[in-house]
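The chain is numbered in sequence order, starting from 1. Computation of the quantities below employed the complete heavy-atom set of this structure, encompassing side-chain atoms and omitting hydrogens, waters and symmetry-equivalent molecules. Indexing begins at 1, ligand by ligand and atom by atom, following the structure's order.
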Amino acid sequence: MTTWHKAAETSALAEKEVIGVEVGGVEIAIYRLDDGYFATSNICTHQFAFLSEGYVNDGCVECPLHQAFFDIRTGAVKEGPPEAPLKTFPVKVEGSDILVALS
Ligand code: FES
């Protein structure tokens, strides 16, 4: 059974495209794209950098450290040095709450 955790309120993403949150001890980046909200690990798979401090462009997030690009919807590496994709998490919205499933 999926366990959903509250990660943020939609108002936190009203003027931003990505925020970093900690949910159950896991660092997660929550994104607002044209077609909804998405969540990935907030830590780059290359070295230690928070993706929530990077830029969101065309469905990708750019790592602030070495400018890798990850596809936000799939976690796939689109460009740059990382070899491993980002872990992604299911997201749903209930009222004004953004919920993520960690497993
Ligand atoms: S730490 Fe993200 S690309 Fe190097």
As an exercise, identify every atom of ligand 1 less than 4.0 angstrom from a heavy atom of [X].
X	answer
Cys63	1 (S), 2 (Fe), 3 (S)
Leu65	1 (S)
Cys44	1 (S), 2 (Fe), 3 (S)

Name of whichever N/O/S atom of His46 is nearest to atom 4 (Fe) of ligand 1: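 Restricting His46 to its N, O and S atoms, the minimum distance to atom 4 (Fe) of ligand 1 goes to ND1.
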Name of the His66 N, O or S atom nearest atom 4 (Fe) of ligand 1?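 Of the nitrogen, oxygen and sulfur atoms in His66, atom 4 (Fe) of ligand 1 lies nearest to ND1.
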According to the ring pair (Phe, Tyr, Trp, His ring centres under 6.0 Å) rule, which pairs have a member within residues 60-103, sequence neighbours left out?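 Of all non-adjacent pairs touching residues 60-103, those that pass ring pair (Phe, Tyr, Trp, His ring centres under 6.0 Å) are His46-His66.
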Identity and distance of the protein heavy atom lying nearest atom 1 (S) of ligand 1: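 Scanning the protein heavy atoms, the shortest distance from atom 1 (S) of ligand 1 goes to Gln47 N, 3.3 Å.
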Carefully, step by step, assess Ile72 and Leu33 under the rule side-chain contact (heavy atoms from CB on, under 4.5 Å). CA-CA 9 Å; Ile72 290 168; Leu33 300 181; 4.0 Å; yes
Lys NZ or Arg CZ of Arg32 over Tyr37 ring: under 6.0 Å, within 45°: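 Verdict for Tyr37: no cation-pi partner in Arg32.
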Strictly distance-based, threshold 3.5 Å: is any side-chain N or O of Asp97 a donor or acceptor partner for the main-chain N or O of Leu99?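 Not a single qualifying donor-acceptor pair exists.
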Heavy-atom donor-acceptor pair, Asn42 side chain to Leu51 backbone, under 3.5 Å: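 A pair under 3.5 Å: yes.
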